[in-house]
Amino acid sequence: MFMSLLRRRPPWYRRCLSSSATASPIPPTVTRIEKIILDGIKATGPIPFATYMQMCLSHPTHGYYMNPENPIFGAKGDFVTSPEISGVFGEILGVWLMAQWLEWSQSKKPIRLIELGPGRGTLMQDILRVASQFGKDQLKSVHLVETSPTLRALQETRLAASAAKYGCTLQWHDSLDQIEPSEEAYTLVVAHEFFDALPFHVIEKSDAGWHEILIALAEDSEVYPRFRYVLSSPSAAASLLGSSTPRFKDLPSGTRLEVSPASFKIMRKIGTLLAAPGGGCGLIVDYGADKAFGQSFRAFKSHAIVDPFHTPGECDLTANVDFAYLKEATAGLVVPTHGPLTQADFLERMGLSMRIEALTRDKAERDAQHIRMAAQRLVDLKGMGGEYQVLGVGGQPREGVVWPFVA
Ligand code: SAH
């Protein structure tokens, strides 16, 4: 029933025995989440990527984001994100969000801010600083959608003082479903490196229909990694995913796609919140492109790409975001989408250079250089500036455009 895909490993595949790659010939001991997954597959058979990813990242106690033993962010962690590189990043996102609010709300509507997957709370802290300058008296509530208790605690430490200073409430939610559309408040939504962490399925087309690529036990229990990829028979679930957008309709046999219904559902909810009578806008920033990917799934450990089956629960797992799919999720709602633009275009058109100029004017040369280099990293087209995309949602056109989303 399942076809082994051992011979069809993705190009980035490499056998990896430890975080320092092939340093040790001894396979790492079985992690706690790995044991749970191995036992589950033994009992009920191969599992979708989505199940594997959800277990590895979000298992209530052993998941990557849930376990306080994982360093996750920063130089000592597994990856660094834009808000952690320079406070200017969050400031510019904040300026865009508040500019839409000012444009919409000459009557100064109350503001509620929602962030999905706030990490250490750094981005929200920078956005709050800007929001308080534009509309301090209107800033009412901050909603943080976060599943990890460990990260919630970090966010509280980071944000409690700002919230008290600006007179707004801080609330945490397990899911965006817990937040209702508002008649009164203007809703600002931001999601930075959130969608890439959501579970996805991998499907493959053949002349017989859509199959799903599943994760099975390695053929030999002595082999490391302890998992392998197999291809299911054509299935109703795979067909449903393969017909979830017209873009997938005429693709040739052999096409492989990563599809995230979880992302579609959350994006639909974002659209519903922003289309409410209170109005709203949002920014979604992530790596990916305006198209689907087939083999972007990867794992990070200590700033290096490792095999996604390596030490499950101790590595970050991620896949590129299909922004076209996110846009399709808002179809039929009265809320336009804009872009995506590369992060470099977005930041530069929003005045990054002028802001850096102002910030460095009175600084010692060494500090000024540090600020300039951080900004440069955000817009480097060979790195973050080119790989990250910014999607705008909602907002108020001026003379037909929502700046900086112009062709
Ligand atoms: N936005 C931050 C953190 C990115 S890491 C930054 O850019 O630095 C991903 C974040 O999403 C973490 O906070 C993680 O705990 C959270 N997360 C992952 N899956 C989630 C889910 N299904 N629901 C809510 N939060 C989730």
Side-chain angles (χ1 to χ4, degrees), residues 49-90 92-94 113-128 142-159 171-179 189-200 260-267 269-270 282-288 298-301 303 313 315-321 343 374 377-378 384 387-391:
F49 272 63
T51 310
Y52 179 78
M53 194 163 174
Q54 201 152 21
M55 293 289 277
C56 290
L57 294 183
S58 302
H59 180 278
T61 47
H62 310 319
Y64 176 73
Y65 286 115
M66 314 303 252
N67 183 350
E69 286 165 26
N70 290 324
I72 308 184
F73 303 103
K76 290 191 186 137
D78 298 316
F79 58 91
V80 176
T81 60
S82 299
E84 306 289 343
I85 289 174
S86 168
V88 173
F89 179 81
I92 290 182
L93 264 55
L113 261 161
I114 301 174
E115 183 172 2
L116 299 157
R120 292 206 280 207
T122 313
L123 176 60
M124 182 52 79
Q125 191 177 35
D126 295 332
I127 291 176
L128 272 176
V142 175
H143 302 261
L144 303 158
V145 180
E146 174 61 71
T147 40
S148 161
T150 310
L151 292 176
R152 282 185 181 202
L154 280 181
Q155 291 153 18
E156 183 160 23
T157 307
R158 179 64 64 92
L159 296 171
Q171 289 172 53
W172 279 264
H173 307 268
D174 290 324
S175 153
L176 195 60
D177 287 338
Q178 294 166 353
I179 303 177
V189 177
V190 64
H192 183 265
E193 290 215 34
F194 171 75
F195 281 97
D196 70 89
L198 294 183
F200 64 92
S260 176
S263 299
F264 192 94
K265 182 170 171 273
I266 292 175
M267 190 63 201
K269 178 67 196 249
I270 292 176
L283 287 175
I284 289 151
V285 188
D286 230 308
Y287 35 76
R298 57 203 179 278
F300 284 96
K301 174 107 181 141
H303 298 269
C315 304
D316 182 38
L317 296 180
T318 178
N320 285 357
V321 173
Q343 177 163 301
R377 198 167 158 199
L378 295 178
M384 291 179 139
E387 281 165 14
Y388 284 74
Q389 307 285 318
V390 183
L391 179 73

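Both ligands and their constituent atoms are indexed starting at 1 by order of listing. Worth saying up front: this structure is predicted, and the values here are computed from it rather than measured.
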Part of Thr147 with heavy atoms under 4.0 Å of ligand 1, whether side chain, backbone, both or neither: both

Non-neighbouring partners of Asp126 that pass salt bridge (Lys or Arg N to Asp or Glu O under 4.0 Å), sequence neighbours left out: Arg129

Nearest neighbour in protein (non-hydrogen) for atom 7 (O) of ligand 1: His192 ND1, 2.6 Å

Nitrogen or oxygen of Glu146 less than 3.5 angstrom from that of ligand 1: yes

Ligand-residue contact atoms, ligand 1 with Glu193, heavy atoms, under 4.0 Å: 4 (C), 5 (S), 7 (O), 9 (C)

Residue Phe194 vicinity, atoms of ligand 1 by number, heavy atom under 4.0 Å: 11 (O), 20 (C), 21 (C), 23 (N), 24 (C), 25 (N), 26 (C)

Heavy-atom nearest neighbour of atom 3 (C) of ligand 1 within options Pro83, Gly63, Gly117: Gly117

Centroid-centroid under 6.0 Å between Phe89 and His192 rings: yes

Per-atom contacts of ligand 1 with Leu198, taking only distances under 4.0 Å to non-hydrogen atoms: 22 (N)

For the student: nearest non-hydrogen atoms of Ser82 and Gln343, plus distance: OG-NE2, 3.3 Å

Those atoms of ligand 1 less than 4.0 Å from some heavy atom in Val145: 24 (C), 25 (N)

Numbering as shown, the atoms of ligand 1 that approach Gly119 to under 4.0 Å (heavy-atom distance): 2 (C), 3 (C), 13 (O)

Flag side-chain contact, heavy atom, 4.5 Å: His143 against Trp172: no

Where Asp174 and Arg152 come nearest, the two heavy atoms and their spacing: OD1-NH2, 2.8 Å

Residue Thr81 vicinity, atoms of ligand 1 by number, heavy atom under 4.0 Å: 6 (C), 7 (O), 8 (O)

Leu123 near ligand 1 by a heavy-atom separation under 4.0 Å: no

Nearest option to atom 18 (C) of ligand 1, as decided by whichever heavy atom of Trp172, Tyr64, Tyr65 sits closest: Tyr65

Tyr65 and its side chain to side chain donor-acceptor pair (under 3.5 Å) partner, picked from Asp316, Thr150, Thr147: Asp316

For Met53 against Leu317, the heavy-atom pair lying closest together: CE-O, 3.6 Å

Which atom of Met384 lies closest to which atom of Thr81, heavy atoms considered: CE-C, 4.1 Å

